[in-house]
Amino acid sequence: PRYEQLILNYSERFFLGTDPCCGLDNLYDEMIQELRVNFLEKLPTNVAERIAYKNAQKVLQLKD
């Protein structure tokens, strides 16, 4: 909630990613699920999609 307005106002400037380290590779699925449930699901769909992958597609010039 503390950063919600900032994220909503500037959603085109955020990426969401993971980089498991330190022997946590086996927890990758749990990490992704936690990000989906505790972060992305709390945002409007269009904002969540931007942060989850659309911003990266645009900046990195990836195909849809």
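None of the values given here were measured: they were computed from a predicted structure. In what follows, residues are counted from 1 in the order of the sequence shown.
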Measuring from [X]:[atom1] to [Y]:[atom2], what's the distance to the nearest 0.5 Å?
X	Y	atom1	atom2	value
Lys58	Glu12	NZ	CD	8.0 Å
Leu8	Glu4	CG	CD	5.0 Å
Leu35	Glu41	CG	CD	11.5 Å
Leu24	Thr18	CG	OG1	11.5 Å
Gln33	Leu27	CD	CG	13.5 Å

Check against side chain to side chain contact (heavy atoms under 4.5 Å, CB included), Phe15 and Ile51
CA-CA 5 Å; Phe15 289 18; Ile51 292 171; 6.0 Å; no

Is it true that atom OH of Tyr28 has more than 12 heavy atoms of other residues, nucleotides or ligands lying nearer than 6.0 Å?
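Atom OH in Tyr28 is not packed in, count stays at 12 or less.
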
Counting only heavy atoms not in Glu34 (residues, nucleotides, ligands), do more than 12 fall under 6.0 Å from its CD?
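Atom CD in Glu34 is not packed in, count stays at 12 or less.
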
Let me check something: do Leu43 and Val37 share a hydrophobic cluster, defined by ILVMFWY side-chain heavy atoms less than 4.5 Å apart, either directly or through other members?
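Unlinked, Leu43 and Val37 end up in two clusters.
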
For a 4.5 angstrom cut-off between non-hydrogen side-chain atoms, does [X] reach [Y]?
X	Y	result
Leu62	Tyr53	no
Phe39	Leu16	yes
Leu40	Glu49	no
Asn55	Ser11	no

